[in-house]
Amino acid sequence: MNEVLTQEKSIYLQISELIETDILRDILLEEERVPSTNELAKIYTINPATAAKGINILVDSGILYKKRGIGMFVATGAKEKILKRRKEEFYDRFIKKLLQEAASIGLDKEQVIRMIEAGEGSIL
């Protein structure tokens, strides 16, 4: 949890993504406590309300849950939920666009696969 926040997207979104990434990397495990909003605010020198907004995104999606008086914890199955959603997002953001562009320039699926396997664009 010592990443640098950027200006590219909202800070609260970056906070939620950093926590998700720590879950994916097994830095935060299921049923483990995550840093509080005040801890996150101190680490990243941000407003605690901004940190809370990032945490609430994860609570709303079932990644984190609250233990009253103790803090926020990683939910059981959180890693699988994150992986599933990120794979779907990867497909939508990259693969769909790749296939659409390939079709528009006359490449079929097999040619695209060969290009990916070769790791370069000069195999046509």
Side-chain angles (χ1 to χ4, degrees):
M1 270 257 143
N2 53 6
E3 306 287 327
V4 176
L5 299 176
T6 68
Q7 299 295 320
E8 295 175 16
K9 65 170 74 170
S10 299
I11 292 171
Y12 71 93
L13 292 174
Q14 293 179 67
I15 293 296
S16 67
E17 288 173 1
L18 290 171
I19 294 170
E20 281 188 348
T21 299
D22 282 353
I23 293 169
L24 290 177
R25 292 180 179 162
D26 293 327
I27 294 168
L28 290 170
L29 303 173
E30 290 183 356
E31 301 304 323
E32 187 173 340
R33 185 184 165 280
V34 300
S36 70
T37 55
N38 288 330
E39 291 168 333
L40 291 168
K42 188 174 181 179
I43 292 167
Y44 295 108
T45 58
I46 60 173
N47 187 310
T50 302
K53 194 170 179 180
I55 294 282
N56 287 335
I57 289 171
L58 299 174
V59 171
D60 292 344
S61 62
I63 303 300
L64 301 180
Y65 70 95
K66 183 176 185 173
K67 285 187 182 179
R68 190 177 178 134
I70 301 175
M72 294 293 181
F73 288 77
V74 178
T76 301
K79 185 174 181 175
E80 291 75 24
K81 283 182 186 179
I82 296 166
L83 281 170
K84 182 178 186 288
R85 193 196 77 248
R86 286 199 178 179
K87 286 177 182 180
E88 289 169 356
E89 288 172 356
F90 179 81
Y91 178 80
D92 289 339
R93 287 182 62 200
F94 299 105
I95 304 301
K96 272 185 178 178
K97 289 180 183 179
L98 170 80
L99 294 174
Q100 289 168 349
E101 178 63 18
S104 74
I105 61 173
L107 293 172
D108 63 24
K109 185 172 95 174
E110 288 74 25
Q111 289 172 308
V112 172
I113 291 169
R114 284 198 307 271
M115 290 175 80
I116 292 169
E117 289 174 345
E120 55 190 63
S122 61
I123 60 154
L124 299 176

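Using a 4.5 Å cut-off on side-chain heavy atoms (C-beta onward), D92 and E89 make no contact. Put simply, the side chain of L18 reaches to within 4.5 Å of the side chain of Y44, judged on heavy atoms. The closest side-chain heavy-atom distance from V74 to K79 is not below 4.5 Å.
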**Request:** In sequence, state the C-alpha distance, the side-chain angles, and the governing distance for V112 and K109, and then conclude on side-chain contact (heavy atoms from CB on, under 4.5 Å).
**Result:** CA-CA 5 Å; V112 172; K109 185 172 95 174; 5.7 Å; no
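Of all the heavy atoms in R33 and L28, the pair that sits closest is O-CD2, 3.9 Å. Annotation for A41 and A51: closest pair N-CB, 4.4 Å, computed over non-hydrogen atoms. Considering every non-hydrogen atom in both L24 and R86, the closest pair reads CD1-NH1, 3.3 Å.
Salt-bridge formation is detected for the pair E88/K84: a Lys NZ or Arg NE/NH1/NH2 atom is positioned less than 4.0 Å from an Asp or Glu carboxylate oxygen.
Within a 6.0 Å sphere centred on NZ of K67, heavy atoms belonging to other residues, nucleotides or ligands number more than 12. Heavy-atom neighbours of E8 CD from other residues, nucleotides or ligands within 6.0 Å: at or below the threshold of 12. No more than 12 heavy-atom neighbours from other residues, nucleotides or ligands sit within 6.0 angstrom of CD on Q7.
Distance check, rounded to the nearest 0.5 Å: CG of L29 to CG of D22 gives 10.5 Å. To the nearest 0.5 Å, atom NZ of residue K97 and atom CD of residue E101 are 11.5 Å apart. I113 CD1 to L107 CG: the interatomic distance, rounded to the nearest 0.5 Å, is 12.0 Å. Taking CG from L99 and OH from Y91, the interatomic distance works out to 6.0 Å, rounded to the nearest 0.5 Å. Atoms NZ and OG1, from K81 and T76 in turn, are 9.5 Å apart once rounded to the nearest 0.5 Å.
With hydrogens and angles disregarded, a donor-acceptor distance shorter than 3.5 Å links the side chain of Q14 to the backbone of K9. The closest donor-acceptor contact from the side chain of S36 to the backbone of E39 lies under 3.5 Å. Checking side-chain atoms of S61 against main-chain N and O of L58 turns up a donor-acceptor pair under 3.5 Å. In terms of modelled atom types and a separation under 3.5 Å, the side chain of E31 and the main chain of F73 share no donor-acceptor contact.
In terms of hydrophobic clustering, with Ile, Leu, Val, Met, Phe, Trp and Tyr side chains grouped at heavy-atom distances under 4.5 Å, I82 and F90 are assigned to different clusters. No path of Ile, Leu, Val, Met, Phe, Trp and Tyr side chains, each step under 4.5 Å between heavy atoms, connects I70 with M72, placing them in separate hydrophobic clusters. In the hydrophobic clustering of this structure, I116 groups with I105; members are Ile, Leu, Val, Met, Phe, Trp, Tyr whose side-chain heavy atoms approach within less than 4.5 Å, directly or through other members. Residue I19 is grouped with residue I43 when hydrophobic side chains (ILVMFWY) are merged at heavy-atom distances under 4.5 angstrom, including chains of intermediate members.
Of the candidates I63, L40, L64, I23, V34 forms a side-chain contact (heavy atoms from CB on, under 4.5 Å) with just one, namely L64.
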